[in-house]
There are 2 protein chains.
Amino acid sequence: MELKRQSDCPSLPPGWRREEVVRQSGLSAGKTDVYYYSPDGKKVRSKPMMARYLGEGFDLATFDFRTGKINHSSIRKRIRQDSSLSLPIRQTASIFKQPVTVKRIREDTDSKTKTDLKHGPQDPPKQLFWEKRLQGFHAVDSSEDILKALDLPRNVQGVGPELSTENILQSISAALHMNNGPVMGQGNNKQALSKNPGANIDANQPHIQQTMITEEDIKRQEMKVIEARRRLEEAMKGLL
Amino acid sequence: MELKRQSDCPSLPPGWRREEVVRQSGLSAGKTDVYYYSPDGKKVRSKPMMARYLGEGFDLATFDFRTGKINHSSIRKRIRQDSSLSLPIRQTASIFKQPVTVKRIREDTDSKTKTDLKHGPQDPPKQLFWEKRLQGFHAVDSSEDILKALDLPRNVQGVGPELSTENILQSISAALHMNNGPVMGQGNNKQALSKNPGANIDANQPHIQQTMITEEDIKRQEMKVIEARRRLEEAMKGLL
DNA sequence: CGGAGTGGTACA
DNA sequence: TGTACCACTCCG
């Protein structure tokens, strides 16, 4: 009768062991508890407690205590829930407790294709072209001089009505922060959208046309990163 | 240095004593352990152990081992969480995500008496006179004959619009199941309520007038219980 | 008094 | 509603 088992945990510093124990009785019988043992033998029963043992040196942000694995998507989830980093959303009368947008779902159990308005948990409403609400806002440095925005590569083209370079950058950076999946840009063509914006916009993708990234592009970017790291290293030496 | 003290424990059969010992050192310094001593001097260190000593004859379900007192609310809490035993509740349009009832709270931190609508966790809404939604439903026996409802004592009077004996019984039994506190009936007078039902109803109390229970009533009820037990004992003998 | 094991609760 | 955390019980 194998009720517990200890194992190494590759996501943690060496010496830590992980144990899974099945509850044998009581109301919670059958549930499992996960414990860890530190290299010095201390039993650790929760993530906060583990953080206390590991100290500042080890970042548990992406560590899933239950599974014992690093969860790379969890970090984005956490950011998304930080309201200071949420997108500006459509402003509507607050008496509507339901999100204003609804989602059509398909009842797969039924043979005919039935569509229905789904209630319950939904994605929060997204405003198309919300970036325009940020127009006129700028990041400034400590002396309140406006920081120059980045330039866009020539092959990154905006999709939508009168989007500034700034808007497009906001759109891209938001998509990088908010999306769990790949960030690819809009699949539809530029002409159709400028006539009827919103008709076919994918609110989860930035407002840029899909762009072909070549091996060349990747190489060039890698070189830039390497060069930047080299310069940072130089600068650090200067500080010692 | 008084670290322990023994005392009688009125919630237990006579002869049982209770002792409280403060832990002096270690990680748990300052915490207390509670022990009991049975009439024959045996030390008892836990509730399961006590149940073993007392046997079937004494019900420890409501006994709080730590405090040594009977806790009437604990057993009812367990029942209340069984959704099959919840009251029929008001049916309202589901678009209202907020409970329809609100609770006024007093901001005690403020010197003026401020009232405010409290959001967040609240008691579930209670429908006044919800019993009427059960009208026409009856318990039946295995041959689907309707079981005769109980009769009410003459001094138990309904409070509310056209409540049947059945409604009143439902109301009383629900209150006995759901309430943590004493079940006393409505404090207001019958006349006012039949004109404006709901005006001053206490939804936590059954819809009966407050009734004086005399020593006589209690005696009579005790006799009934004793008689019922005697007859049960007879019947059990017949089965052997 | 320690600690394994379960319960209870706040939070998402 | 489920889950994570931690308080608590019970017994060594």
Side-chain angles (χ1 to χ4, degrees), chain A residues 1 3-6 17-38 40-54 60-69 71 73-83 85-86 119-124, chain B residues 3-4 18-36 42-54 60-69 71 73-84 86 94 97 99 119-124 180:
Chain A
M1 189 159 69
L3 301 175
K4 351 170 148 188
R5 38 183 188 180
Q6 276 204 17
R17 312 212 85 220
R18 178 173 178 280
E19 181 190 44
E20 210 163 306
V21 180
V22 181
R23 296 192 175 197
Q24 298 298 327
S25 63
L27 295 173
S28 53
K31 296 199 174 175
T32 59
D33 291 290
V34 176
Y35 304 123
Y36 292 83
Y37 294 90
S38 68
D40 59 5
K42 275 286 175 191
K43 185 175 189 172
V44 164
R45 295 153 38 96
S46 70
K47 198 169 168 180
M49 211 181 291
M50 177 176 280
R52 243 170 278 137
Y53 268 88
L54 285 167
L60 288 176
T62 62
F63 181 73
D64 183 311
F65 189 87
R66 174 155 284 276
T67 63
K69 289 169 186 159
N71 181 357
S73 68
S74 73
I75 194 172
R76 281 197 179 162
K77 285 219 180 90
R78 221 183 302 283
I79 286 171
R80 190 202 304 227
Q81 282 158 1
D82 181 342
S83 62
L85 288 176
S86 62
H119 288 258
Q122 303 179 3
D123 287 341
Chain B
L3 300 175
K4 354 171 149 188
R18 178 173 178 279
E19 180 189 46
E20 210 164 322
V21 180
V22 182
R23 297 192 174 193
Q24 298 300 324
S25 63
L27 295 172
S28 55
K31 299 209 171 174
T32 58
D33 291 295
V34 176
Y35 305 122
Y36 292 83
K42 274 285 176 191
K43 185 175 186 176
V44 163
R45 311 198 313 147
S46 71
K47 199 169 168 180
M49 206 183 294
M50 177 176 280
R52 244 170 279 136
Y53 269 86
L54 286 167
L60 287 175
T62 62
F63 181 72
D64 184 311
F65 188 88
R66 173 153 288 276
T67 64
K69 289 170 187 160
N71 182 358
S73 66
S74 68
I75 191 173
R76 286 199 178 155
K77 278 212 184 99
R78 223 184 302 281
I79 289 172
R80 192 203 305 229
Q81 280 159 1
D82 181 344
S83 62
S84 71
S86 63
S94 64
K97 285 305 189 187
H119 288 260
Q122 304 181 1
D123 287 340
N180 288 326

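Everything quoted here is computed from the prediction, not taken from an experiment.
- A sub-4.0 Å separation between OP1 or OP2 of dT3(D) and a side-chain N or O of R66(A) is absent.
- Computed from coordinates, the R23(A) CZ to dG2(D) C1' distance equals 14 Å when rounded to whole Å.
- Q24(B) has its CD atom 11 Å from the C1' atom of dC1(C), to the nearest Å.
- Note on S28(A): a side-chain N or O is less than 4.0 Å away from OP1 or OP2 of dG7(C).
- Distances from the side chain of Y35(A) to the nucleotides dC10(D), dC6(D), dG5(C) place dG5(C) closest.
- No donor-acceptor pair under 3.5 Å is formed between the side chain of E20(B) and the backbone N or O of R18(B).
- Between M50(B) atom CE and dC11(D) atom C1' the separation is 16 Å, expressed in whole Å.
- One N or O donor and one acceptor, one from the side chain of R45(B) and one from the base of dG12(D), sit under 3.5 Å apart.
- Closest approach to the P48(A) side chain among dG7(C), dT6(C), dC5(D) is made by dC5(D) (side chain taken as heavy atoms from C-beta onward).
- Phosphate proximity of dA4(C) to K43(A): present, with a side-chain N or O under 4.0 Å from OP1 or OP2.
- Between E19(A) and Q6(A) the shortest heavy-atom distance is CB-CG, 3.9 Å.
- Side-chain nitrogen and oxygen atoms of S46(B) include none within less than 4.0 Å of the OP1 or OP2 phosphate oxygen of dT9(D).
- Scanning all heavy atoms of the two residues, the minimum distance from T67(B) to D64(B) falls at N-OD1, 3.0 Å.
- Contact between Y36(B) and F65(B) at its shortest, heavy atoms only, is OH-O, 2.6 Å.
- The interatomic distance linking K31(B) (NZ) with dC8(D) (P) rounds to 6 Å, in whole Å.
- Protein atom CZ of F63(B) is 14 Å distant from nucleotide atom C1' of dT9(D), rounded to whole Å.
- Proximity of S25(A) to the phosphate of dG5(C): no side-chain N or O atom is located under 4.0 Å from OP1 or OP2.
- Protein atom CD of E20(A) is 14 Å distant from nucleotide atom P of dG5(C), rounded to whole Å.
- The backbone N or O of L60(B) sits less than 3.5 Å from a side-chain atom of K47(B), completing a donor-acceptor pair.
- We find that NZ of K47(B) is positioned 22 Å from P of dG5(C), with the value rounded to whole Å.
- For the pair L60(B) CG and dC10(D) P, the computed distance is 11 Å after rounding to whole Å.
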